[in-house]
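A quick write-up on the structure given underneath.
So you know, we letter chains A, B, ... as the sequences are listed, proteins then strands, and number each from 1. All values derive from a computational prediction rather than experimental measurement.
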Protein chains: 2
Amino acid sequence: MKNADVHHPIFDEIADLARTLGHAHRLVLLRHIADGELAVEQLTQLSGIALANTSQHLQQLKRAGLVQTRRDGKRVLYRLADGPIENVLGALRSLANHRREQIRELIDDTMSRPDSLESISREELVRRMRDDEIVLLDVRPREEYAAGHLPGAINIPVGELEERLAELPREKVIVAYCRGVQCVLSADALAILRARGWDSRRFEGGLPEWLNSSLDDDGMNYESG
Amino acid sequence: MKNADVHHPIFDEIADLARTLGHAHRLVLLRHIADGELAVEQLTQLSGIALANTSQHLQQLKRAGLVQTRRDGKRVLYRLADGPIENVLGALRSLANHRREQIRELIDDTMSRPDSLESISREELVRRMRDDEIVLLDVRPREEYAAGHLPGAINIPVGELEERLAELPREKVIVAYCRGVQCVLSADALAILRARGWDSRRFEGGLPEWLNSSLDDDGMNYESG
DNA sequence: CAGTCATTCAATGTATTGATTGATTAATTG
DNA sequence: CAATTAATCAATCAATACATTGAATGACTG
């Protein structure tokens, strides 16, 4: 748009793309859209962003080619466009985490304990659930929990966790999970739990991985899409 | 910074990161820095960005943790910070290219010919160079060529290519190269050459790959770092 | 075909960002 | 220690981006 003579126009294109990702609201919306097609109003509810504002951010994402739309009755459904979008998000996320860790290593020691964010494997999870050693904690928003969750999991959205700690048994290991490997909600939950003295782990698999590998036939509470 | 209550603060951090990458100048600077430690003035020359402006963009990159500095006499040398920075850039680039291709497929047919941007392998390059079938064209800026180039390559920076087409023999295949797999200069050069009727290919390896695998001992004109 | 629901558009005010200029600091040289 | 070189800072102005509001469109419903 400006000094096009300086270098190559692809830098402008990449910059436009990056700028589109340069707002927390749009990242939040993308995250939700990545889980499946959603209408605008659902997105406002999941994200807490005002309606018109949501719509405008969505349109920026659309202009940038990151999402596509389709009409269904009076609703407009947004879905991820194809292309390596999640690669970009994943790369950005891991870079941000990298920075985070570097900062934490300097100022914080509780969080930098090597096992503090350690995840628990699916096999170990199943075994220890059977032995009733652990409590499985779903920290996603109410709506997502309602739409389907792991068997035996209780739901405390991470925003309410601090107030509702009393619901968790002190003597058991708390295993938090959320949407999948990229989801940070459960990591956040761990921070809270560990700060209050719970022995907590993270189930990295999250819901999608569990679903993809029907490990047991205990019955999932999956109701609808 | 604003609605931190809506979701998780990591979204703000990622957004900040993305916004830092959301300006062509900073991407250009990063690209050059990625090739090795450089002082501010060198960067202004390579990029064509005004001095004070360059300095300010560099400081944004530094604040974002993407580059680090070290003083050497009166110069300040910038280098890439560690962490998966190039992953992010690569992911962004490939997403941008993906979009580009999709657009090209719709509006352009010259450029979408399957072999138009096809690369030539190192082995084929060496063989056909020996047989004098091809002309090797280095499309990087003069300074970079001066610092080292492939044996036998001639240098026409891509910006001057259009005016200096007369220097290229019509009867040979032109093989363009630039900085490496991610570099788009040579793709741009191909567009120009093919538009004027040359048979042209791209050597995807670029300079770094060539250097990393000393294929022949013809002697490289690599002078200094 | 009037009413309503879902979404988008248009307009406004404010805040942030970027480029430019000239002044300033830091390290080196004579 | 004055002069020079390299980089940053500070101040300004223009351009963009964002949130909010209220109006307008589009599609279904009775």
Side-chain angles (χ1 to χ4, degrees), chain A residues 1-7 11-30 32-33 37-64 66-79, chain B residues 1-7 11-12 15-30 32-33 37-64 66-79:
Chain A
M1 301 276 173
K2 298 139 206 190
N3 294 336
D5 64 276
V6 177
H7 253 83
F11 287 113
D12 284 295
E13 294 176 27
I14 298 176
D16 287 345
L17 251 178
R19 223 174 314 121
T20 303
L21 299 176
H23 194 291
H25 285 178
R26 288 192 287 273
L27 294 176
V28 169
L29 292 172
L30 269 181
H32 285 122
I33 292 172
E37 231 181 14
L38 285 171
V40 180
E41 213 196 353
Q42 297 178 282
L43 284 166
T44 68
Q45 286 168 8
L46 289 172
S47 66
I49 305 169
L51 175 65
N53 201 3
T54 302
S55 173
Q56 300 193 149
H57 282 299
L58 287 171
Q59 278 165 75
Q60 281 196 58
L61 292 172
K62 191 178 175 182
R63 255 176 266 134
L66 297 172
V67 301
Q68 296 179 329
T69 60
R70 128 183 123 80
R71 222 192 168 101
D72 171 36
K74 39 183 129 174
R75 294 181 313 163
V76 175
L77 301 179
Y78 281 79
R79 65 179 183 282
Chain B
M1 300 278 175
K2 298 140 205 189
N3 295 337
D5 63 276
V6 177
H7 253 84
F11 288 112
D12 284 294
D16 287 346
L17 250 178
R19 221 172 318 119
T20 304
L21 299 176
H23 194 293
H25 284 178
R26 289 192 286 273
L27 294 176
V28 169
L29 292 171
L30 270 181
H32 285 121
I33 292 172
E37 230 181 15
L38 285 170
V40 180
E41 212 195 353
Q42 297 178 284
L43 283 166
T44 69
Q45 287 168 6
L46 289 173
S47 66
I49 305 168
L51 175 65
N53 201 3
T54 301
S55 174
Q56 300 192 149
H57 283 299
L58 287 171
Q59 277 163 77
Q60 281 197 57
L61 292 172
K62 191 179 175 182
R63 255 177 266 134
L66 297 172
V67 301
Q68 295 178 330
T69 60
R70 128 182 122 81
R71 218 185 174 108
D72 171 36
K74 42 182 125 175
R75 294 180 312 163
V76 174
L77 301 179
Y78 281 78
R79 65 180 183 281

**Any His23(A) side-chain nitrogen or oxygen under 4.0 Å from OP1 or OP2 of dA19(D)** = yes

**Protein-nucleotide distance (Leu61(B), atom CG; dT8(D), atom P), rounded to Å** = 12 Å

**Prompt:** Excluding sequence neighbours, so at least two apart, what forms side-chain hydrogen bond (donor to acceptor under 3.5 Å, both in side chains) with Thr44(A)?
**Reply:** none

**Asked** Who are the side chain to side chain contact (heavy atoms under 4.5 Å, CB included) partners of Ala52(B), not counting sequence neighbours?
**Response** none

**Request:** Tell me, please, which residues at least two apart from Arg70(A) pass side chain to side chain contact (heavy atoms under 4.5 Å, CB included).
**Result:** Glu37(A), Asp72(A), Leu77(A), Arg79(A)

**Asked** Could you state the CD-P distance from Gln60(A) to dT16(D), rounded to the nearest angstrom?
**Response** 14 Å

**Message:** Rounded to whole Å, how long is the line connecting atom CD1 of Ile49(A) with atom P of dA17(D)?
**Reply:** 18 Å

**Asked** Where along nucleotides 2-12 of chain C does protein come under 4.0 Å, by heavy atom, of base (B) or sugar-phosphate alone (S), with - for untouched nucleotides?
**Response** ---BSBBBB--

**Fill in**
Whichever of Asn53(A) and Asp72(A) has the more 5' nearest nucleotide on DNA chain D, that residue is Asn53(A)

**Request:** Output all residues satisfying side chain to side chain contact (heavy atoms under 4.5 Å, CB included) with Lys74(A), sequence neighbours left out; order by chain, then residue number.
**Result:** none

**Prompt:** Rounded to whole angstroms, how far apart are CZ on Arg19(B) and P on dT16(C)?
**Reply:** 10 Å

**Item:** Rounded distance in Å - CZ (Arg63(A)) to P (dC18(D))
**Value:** 10 Å

**Prompt:** Heavy-atom distance under 4.5 Å between the side chains of Leu29(A) and Leu38(A), does that happen here?
**Reply:** no

**Request:** Name all residues meeting the side chain to side chain contact (heavy atoms under 4.5 Å, CB included) criterion together with Ala64(B); count only those two or more places apart in sequence or in a different chain, and write none if there are none.
**Result:** Thr20(B), Leu66(B)

**Request:** Using atom CG of Leu29(B) as one end and atom C1' of dA7(D) as the other, report the distance to the nearest whole Å.
**Result:** 14 Å

**Request:** Identify, between Arg26(A) and Gly73(A), the residue whose nearest nucleotide on DNA chain D lies closer to the 5' end.
**Result:** Arg26(A)

**Request:** Take atom NE2 of His25(B) and atom C1' of dT17(C), then tell me their distance rounded to the nearest Å.
**Result:** 14 Å

